[in-house]
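The block underneath contains the structure these notes are about, expressed in structure tokens.
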Protein chains: 2
Amino acid sequence: MPPLVHRHPLAAQAAEVLLTRIRAGEWALGHKLPGETTLAAQLGVGRSTMREAIRELAGKGVLDSRQGAGVFVTALDVAEDWDAVLRRATVGAVIEARIAIEAEAAALAALRRTPTDLRAIRRALAARALGDPDVEFLVDTDTAFHRTVLVAAHNDVLIELFDSFVPRVHRAMTDMLRARPITAPEEDQAAHLALVDAIADKDASASAELSRAHLTALKEALS
Amino acid sequence: MPPLVHRHPLAAQAAEVLLTRIRAGEWALGHKLPGETTLAAQLGVGRSTMREAIRELAGKGVLDSRQGAGVFVTALDVAEDWDAVLRRATVGAVIEARIAIEAEAAALAALRRTPTDLRAIRRALAARALGDPDVEFLVDTDTAFHRTVLVAAHNDVLIELFDSFVPRVHRAMTDMLRARPITAPEEDQAAHLALVDAIADKDASASAELSRAHLTALKEALS
DNA sequence: ATACCGCACTCCTCAGACAAGTAGACTAGT
DNA sequence: ACTAGTCTACTTGTCTGAGGAGTGCGGTAT
């Protein structure tokens, strides 16, 4: 993973060694590491170099150093890059996850949407309807619309999930639409309008079902 | 968001300033920053302090320094740490996301489960039923059971999401169970058995509904 | 036009010194 | 015996100065 074009500086090597020993469980979660001077002597590097290695791991969120107290372990491993997971996954799997999130979010939105939320949703729907021939524009406005529904659900975790997934699907959608444009734009827009109405009516189950149906169709088209 | 208990060292402050300026677009993606001596003078800190700030951002993947060439911008923003999002979120919001994921996964599991999956699920259910008084054990076996359902759904993204969420809920669950133990263990076990039967019968909607009901009850209990 | 060389600039590493903060031991007072 | 305050050893934080090593540019000779 690290570019082999330039060899690791000592500090980076020291950071690797440290991370390996942390992963091996040499120091438990929250416990203190030996002092900088001790560690530097152990690895045979200067104290400044050791400090830079510690800083690097602190940047990754593995270590935390407190003046006067010491350096402590705050995580046993580096949080796996979320993008990497999505890159590895198939488009179908990603959309299935999107179905899970958006259907639930639609139901919650039906229950929790404020008048302001509803206004934002309707505005986004109108923007979607402009029928611009540009594929990029179409996908963007569609995404924006779906996001307003997520916002209306008032759940930060779901929003964050949505934002993680969208970029992964974005490319697949534009490619598909370029190859096979929407045959019936009015019909597509009507499906979205139905969802908005269900949310306006505070009909949770209908909202979930409409959202699910729409995304399932998308999944069929993309996989 | 960083613990306010201990004030930022100079190096951390310098890193923040640098990150802000990068986000503001002062240096484009892949462009070179001024030398460390220049930057140090600009911010009024020593070189080693500046170096530590750069190392910290390098750990986050924002900067990359090459000896002899300079320091370069490798990312305009830090991919937000998932754990950070979950830590900030309420337990209720996390469980709502879990409902979305597990209900959908239960439905998919009902459609896709292989005989091997079903065996694993039943085995996990049996382990759960041992009725050990230890709360920690109870939560762990319950989590393991739910995970077998996720595995049966055969969707890597959903599994990954589940694994991200569980640690956040784990603590809340153990705390709650210690304060208010399950009154009717048989009933709880029966609810899980019903889910397994629905998956065995390939009844997707019933599986989703049972999973949703179980987690909704959990949400009520925890929030 | 090309190949080579030198040089300025950069990051990398170390050592030493002192400041600032913490946590535990110690002591005095109740 | 317990509490509050002080003291002290140890830790991280910061700065300075020095030299080593790699990169990229421009000049020069071929």
Side-chain angles (χ1 to χ4, degrees), chain A residues 2-19 21-22 26-75, chain B residues 2-19 21-22 26-75:
Chain A
L4 281 71
V5 301
H6 62 74
R7 47 187 160 297
H8 297 191
L10 262 187
Q13 291 181 40
E16 273 183 25
V17 172
L18 228 51
L19 186 55
R21 291 172 71 177
I22 290 169
E26 188 163 338
W27 305 290
L29 189 81
H31 280 204
K32 195 175 88 64
L33 268 63
E36 298 176 339
T37 57
T38 311
L39 282 174
Q42 273 183 21
L43 302 196
V45 300
R47 185 162 89 100
S48 327
T49 304
M50 199 61 215
R51 282 182 59 79
E52 291 190 18
I54 292 172
R55 276 281 177 215
E56 189 170 325
L57 294 182
K60 288 188 198 293
V62 176
L63 294 179
D64 180 48
S65 55
R66 299 202 304 265
Q67 182 178 182
V71 180
F72 300 84
V73 180
T74 55
Chain B
L4 280 73
V5 309
H6 62 75
R7 46 193 160 292
H8 297 195
L10 264 186
Q13 291 181 40
E16 273 182 24
V17 172
L18 227 52
L19 186 54
R21 293 173 70 178
I22 291 169
E26 188 163 336
W27 305 290
L29 186 104
H31 279 205
K32 195 174 88 66
L33 268 63
E36 20 179 64
T37 58
T38 310
L39 283 174
Q42 274 184 21
L43 303 197
V45 300
R47 277 201 322 282
S48 37
T49 303
M50 201 55 200
R51 283 184 57 78
E52 291 188 17
I54 292 172
R55 274 282 180 221
E56 190 171 326
L57 293 182
K60 288 189 199 292
V62 176
L63 294 180
D64 180 48
S65 56
R66 298 201 302 265
Q67 183 178 183
V71 180
F72 300 83
V73 180
T74 56

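Hydrogens, waters and symmetry mates play no part in the numbers below; they use all other heavy atoms, side chains included. Order of the sequence lines fixes the chain letters, A, B, ..., with proteins taken first and strands second; residue numbering starts at 1 for each chain.
- Spacing between atom CD of Glu52(A) and atom P of dG13(D) amounts to 13 Å, rounded to whole angstrom units.
- Atom pair Gln67(A):CD and dG21(C):P shows a separation of 6 Å (rounding to whole Å applied).
- The nearest whole Å value for the distance from the CZ atom in Phe72(A) to the P atom in dT22(C) is 11 Å.
- Of the candidate nucleotides dT10(C), dG13(D), dT13(C), dG13(D) has the atom nearest to the side chain of Arg47(A).
- For the pair Glu56(B) CD and dT14(D) P, the interatomic distance rounds to 11 Å; values are reported in whole Å.
- Inter-residue side-chain proximity for Ile54(A) and Glu36(A) is flagged as met; some heavy-atom pair is nearer than 4.5 Å.
- For Ala69(A), the listed nucleotide lying nearest its side chain is dA23(C); candidates were dA23(C), dT14(D), dT13(C).
- Across all strands, Ser48(A) comes closer than 4.0 Å to base atoms (heavy-atom distances).
- Shown here for Val73(A) and Ala75(A), the closest heavy-atom pair between the two residues is CG1-O, 3.5 Å.
- Within the 4.5 Å cutoff, no side-chain heavy atoms of Lys60(B) are placed close to those of Lys60(A).
- Dashed line: the shortest gap from a side-chain N or O of Arg51(B) to OP1 or OP2 of dC12(C) is under 4.0 Å.
- Put simply, CG on Asp64(B) is 17 Å from P on dT10(C), counting in whole angstrom units.
- Between the NZ atom of Lys32(A) and the P atom of dA23(C) there is a distance of 11 Å, rounded to whole Å.
- Taking every side-chain heavy atom of Ser65(A) into account, dT12(D) is the closest of dT12(D), dC14(C), dC15(D).
- The nearest whole Å value for the distance from the CG atom in Leu39(A) to the P atom in dC14(C) is 14 Å.
- Both Ala12(B) and Gly68(B) lie near DNA chain D, and the one whose nearest nucleotide falls closer to the 5' end is Ala12(B).
- Rounded to an integer number of Å, the gap from Gln13(A) CD to dC12(C) C1' is 12 Å.
- Evaluation of atom-type donor-acceptor distances gives no pair under 3.5 Å for the side chain of Arg55(A) against the base of dG13(D).
- Under the 4.5 Å side-chain criterion, counting only non-hydrogen atoms from C-beta, Arg55(A) is not in contact with Met50(A).
- Leu39(B) has its side chain within reach of Leu33(B): a pair of non-hydrogen atoms, C-beta onward, lies under 4.5 Å apart.
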